[in-house]
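Everything on this sheet refers to the single structure shown next.
Counting from 1, the numbers follow the sequence of the chain as shown.
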Amino acid sequence: MSSIDKANDLIYETLMSLIEFNNSDLSLKQKKEVSEIIDNLEEVRHILFEMKNEIKSSVS
């Protein structure tokens, strides 16, 4: 499960960078595009969390 945790941590770091970048001087179109990427990465984190829980359940 450490691979899932590591992936989750890397995605989180990327999200924080994108959020910071999105607060910079971007056009509205660029902000929208970055926001869509952020949303996708948040969904991936959610899926990883679900996978981790499924693995824990099947191991128990």
Over 12 foreign heavy atoms within 6.0 Å of CG, Leu28: no
Check: Ser17 side chain, Glu13 main-chain N or O, donor-acceptor pair, under 3.5 Å: yes
Single-linkage hydrophobic cluster Leu10~Leu15, side-chain heavy atoms < 4.5 angstrom: no
Contact list for residues 30-41, test side chain to side chain donor-acceptor pair (under 3.5 Å), sequence neighbours left out: Asn22-Ser35, Ser27-Gln30
Gap separating the CG atom of Leu48 from the CD1 atom of Ile55, nearest 0.5 angstrom: 9.5 Å
Neighbour count >12 (heavy atoms, 6.0 Å) for atom CD, Glu50: yes
Distance, nearest 0.5 Å, that separates CZ of Phe49 from CG of Asp5: 10.5 Å
Straight-line distance of Ile11 CD1 to Glu43 CD, nearest 0.5 Å: 11.0 Å
Spatial distance of atom CG (Leu26) from atom CZ (Phe21) [nearest 0.5 Å]: 4.5 Å
From CG (Leu18) to CD (Glu42), nearest 0.5 Å: 10.0 Å
Spacing of CD1 belonging to Ile19 relative to OG belonging to Ser24, to within rounding of 0.5 Å: 12.5 Å
